Amino acid sequence: MWTDTHCHLDAAEFDADRDAVASAAHAAGVSRIVIPAVARENFSTVRALAHRTPGARYALGIHPLYTPKARDDDLDVLRREIEASLDDPRFVGIGEIGLDYFVPGLDEARQQHFYDAQLRLAREFGLPAICHVRKSQDQVLKGLRRNGVTSGIAHAFNGSFQQARAFVDQGMHLGFGGNLTFERALQIRRLAQQLPLEAIVLETDAPDIPPAWLYRERNTPDQVPRIGTVLAGLRGVSPEELALGTTANAAAALPRLALSSA
Ligand SMILES: [Zn+2]
């Protein structure tokens, strides 16, 4: 049993075959798929998709790359949507939120404004945060500390060992996926190898971040077992042990994953 803790199954890349992609993941042993939202426009989409897809769950949030077109009252909409989702066992947390200092042209203050406001919502409702961290490790961590958020996932983690430890000390789990399948990705491989297994969750970020064998192709959630098998090899454990461990870690990072068995 594997868990994909980060999959944009609602993305347009899956319009032609979304159900088949989800079924293939299920058949491959990926029994949980977490679908984070990125903007107000897809809150209802990810919820509906999580409801009609076996094993799927959803998170609600505004992604840093979507802050340029987000409006301030989207935060009020988000609050109402969170309140309306608290009784929904398929709702697992706040995300995807965070800071991106890699993509040029983003307004730093605006990103920070949306990130902080959403961390306050996470804190207020006692929900974990699924964080986008790109060239922003220290600032994302500072936000978590400042707002008292102590659970969730730093997705597609790509920082130093020291930064990784700081996230773990804050209570966060670190998401690893297709990047670690590239032999030249030395830093990520070293992290995935040396961090305590308890710190690690698996993810695809599909349709993005394809593994080495799908280079420049569309990524899909059924790749989790193969990515996990690469990680198991790096760590010298069996794929079964890694599947069990990382699935337990996903439930620790996103406790609402345990609310329903459907
Ligand atoms: Zn994402």
Side-chain angles (χ1 to χ4, degrees), residues 2-15 18 21-22 25 30 32-43 45-47 49-50 53 56-70 74 78 90-103 106 111 114-115 118-119 122 127-137 139-140 143-144 149 151-159 167 172-181 188 200-211 214 216-224 227 246 250 253-254 257:
W2 300 86
T3 300
D4 186 348
T5 59
H6 199 113
C7 174
H8 296 284
L9 193 59
D10 63 308
E13 285 87 340
F14 297 119
D15 282 353
R18 187 167 289 109
V21 166
V30 183
R32 290 284 175 273
I33 298 176
V34 177
I35 311 166
V38 295
R40 167 189 186 159
E41 288 71 26
N42 81 334
F43 291 169
T45 311
V46 297
R47 177 188 293 124
L49 185 55
T53 308
R57 300 292 185 268
Y58 67 99
L60 295 173
I62 300 164
H63 189 292
L65 298 187
Y66 288 77
T67 55
K69 65 170 189 176
D74 289 1
L78 177 59
R90 292 182 185 267
F91 171 61
V92 297
I94 306 299
E96 178 173 355
I97 66 173
L99 299 168
D100 193 309
Y101 295 161
F102 174 75
V103 173
L106 290 170
Q111 289 196 63
F114 277 91
Y115 178 50
Q118 294 183 94
L119 287 174
L127 291 165
I130 298 172
C131 295
H132 173 100
V133 190
R134 193 145 56 148
K135 304 266 180 233
S136 60
Q137 286 88 358
Q139 291 306 316
V140 167
L144 295 168
V149 173
S151 68
I153 296 169
H155 130 76
F157 192 78
N158 186 13
F167 273 89
M172 301 292 283
H173 285 74
L174 306 175
F176 289 89
N179 283 335
L180 67 79
T181 64
I188 286 179
I200 294 175
V201 296
L202 287 175
E203 60 176 35
T204 57
D205 201 28
D208 299 325
I209 319 191
L214 289 178
R216 289 191 173 163
E217 290 177 45
R218 182 183 72 165
N219 195 8
T220 48
D222 63 345
Q223 298 303 314
V224 166
I227 293 168
T246 52
L254 308 173
L257 275 178

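Read the numbers this way: they start at 1 and go in the same order the structure lists the ligands and their atoms. Here the structure is a predicted model, which is why all the values come from computation and not from measurement. Values below: every heavy atom of this structure, side chains too, minus hydrogens, waters and symmetry copies.
Atom OD1 is the N/O/S atom of Asp205 found closest to the Zn ion (ligand 1). Taking the Zn ion (ligand 1) as reference, Glu96 places its N/O/S atom OE1 nearest.
Applying the 6.0 Å contact sphere to OH of Tyr101 captures more than 12 heavy atoms from other residues, nucleotides or ligands.
No donor-acceptor contact under 3.5 angstrom links the side chains of His8 and Asp208, judged on distance only. A side-chain donor-acceptor contact under 3.5 Å links His6 and Glu96.
Side-chain contact check for Leu65 versus Val38: every heavy-atom pair is 4.5 Å or farther apart.
Between the Zn ion (ligand 1) and Asp208 there is no N/O/S contact shorter than 2.8 Å.
Centred on the Zn ion (ligand 1), the angle running from His6 (NE2) to His8 (NE2) is recorded as 100°, rounding to 10°.
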